[in-house]
Amino acid sequence: MNSDPAAPLLLFDSGVGGLSVLGKVRAALPQAPVIYVSDNAGLPYGNKTEAQIAARVSGLLGRLTERYRPRLVCIACNTASTIALASVREVLEVPIVGTVPAIKPAAAMTRTGVIGLLGTEATIRQGYVDRLEAEFAADKRLLRHAAPELVAAAEAKLRGQSFNPAVFARAAAALRAMPDGERIDTVVLACTHFPLLERELAAAFGPGTCFIDGSDGIARRIASLTEGQSWARPANPPGGPDAAGPDAGDTALFTRHDPADEFLMSALRHYGITKRLVF
Ligand code: DGL
């Protein structure tokens, strides 16, 4: 592992979803320099084929790791991880932490034995999810639903743009309408965009439904893999990134210039990101 104190953690997603992971990583490792990558030129991943996603993710991570020499890469995207984690690990030397649907903790949490899972179209059809279900939830009922509309809603929410509020009720109704769906008490948010909408989803599912995602486990894993290492973040001012000079804070890289991303800056600052570049 590259243990230069300035070597960053690189978090990768198709869009803003990885910020739900960054929030937990930042809380666990406040001093860690971070490069957040949004492949907004490829967004959404959920409606792409396995071959398209695998090629895109390995190609980009190859170029990014060469350029930025991170000490660790986190694929903060369930779609990319369930499809490309193994192949990316085979070709890159850097440690890679993936994001996989939190079926194991959900199976431990459910009281009714019925778990809902919301993800992208690509994620819910993966053998990786079948294997997690067989290993950890074989005695439970796992109901899967693809909710691509929620990806667009999260992207709009973080830019302060309006979105159709009916998408939350639609996702809840789709799971509730499946056999045994009325008994769902635990919902796996198997797309990193969805924890950014947890308040809206909780209102749509109603009281008594718990939500779980992989971000706590990822933060713990990254903290344990980097234990004892020193960190030199661009600046760690006591007053937060806004109180710092021009070089303070972390950087977000986008794969496409989009003037609308200017509206993301206040959300990004909340995660300690003060600079925006196109890669
Ligand atoms: N945030 C991504 C995930 O965790 C996918 C969103 C998309 O690009 O469709 O699956």
Side-chain angles (χ1 to χ4, degrees), residues 10-25 36-61 73-86 88 96-103 105-106 116-130 132 144-159 163 167-168 170-171 187-198 200-201 211-219 221 252-256 258 260-261 264 267-268 271:
L10 190 145
L11 273 77
F12 177 91
D13 183 40
S14 56
V16 299
L19 295 174
S20 65
V21 176
L22 176 56
K24 299 288 174 60
V25 171
Y36 182 83
V37 182
S38 159
D39 180 16
N40 60 334
L43 179 85
Y45 280 1
N47 63 7
K48 295 189 165 45
T49 64
E50 281 70 3
Q52 286 171 323
I53 294 166
R56 196 163 182 101
V57 172
S58 0
L60 269 170
L61 286 179
V73 169
C74 171
I75 305 182
C77 173
N78 290 259
T79 311
S81 298
T82 54
I83 292 169
L85 186 57
V88 170
I96 318 258
V97 174
T99 308
V100 297
I103 293 172
L117 183 145
L118 292 173
T120 65
E121 297 109 301
T123 295
I124 68 165
R125 66 172 181 255
Q126 292 313 308
Y128 201 120
V129 180
D130 300 339
L132 290 174
R144 309 180 194 183
H145 175 66
E149 296 180 314
L150 296 179
V151 174
E155 292 285 332
K157 180 180 173 179
L158 266 72
R159 287 173 176 78
F163 50 87
V167 296
F168 310 108
R170 270 208 286 269
V187 175
V188 179
L189 300 178
C191 168
T192 52
H193 280 72
F194 300 172
L196 302 170
L197 304 166
E198 191 170 326
E200 292 85 347
L201 286 166
F211 296 87
I212 176 94
D213 63 78
S215 55
D216 285 314
I218 295 169
R221 179 84 186 126
L253 300 177
F254 293 81
T255 51
R256 177 173 71 92
D258 180 350
D261 286 339
L264 267 180
L268 293 177
Y271 294 91

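Just so you know, these numbers come straight off a predicted model, no measurement behind them. Counting starts at 1 for both ligands and their atoms, in listed order.
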Side-chain donor or acceptor of Lys48 paired with backbone N/O of Gly42 under 3.5 Å: yes
In chain-and-number order, ligand 1 lies under 4.0 Å from a heavy atom of each of Asp13, Ser14, Leu43, Pro44, Tyr45, Gly46, Cys77, Asn78, Thr79, Thr120, Val151, Cys191, Thr192, His193
Would you call the rings of Phe168 and Phe163 parallel, tilted or perpendicular, taking 30° and 60° as the class edges? perpendicular
Quiz question: by atom type and distance under 3.5 Å, do the side chains of Asp261 and Asn40 form a donor-acceptor pair? yes
Would you indicate whether Arg221, at its atom CZ, is surrounded by more than 12 heavy atoms from other residues, nucleotides or ligands within a distance under 6.0 Å? no
Regarding Glu155 and Arg159, does a basic nitrogen lie under 4.0 Å from an acidic carboxylate oxygen? yes
Residue set satisfying side chain to side chain donor-acceptor pair (under 3.5 Å) with Ser81, at least two apart, ordered chain then number -> none
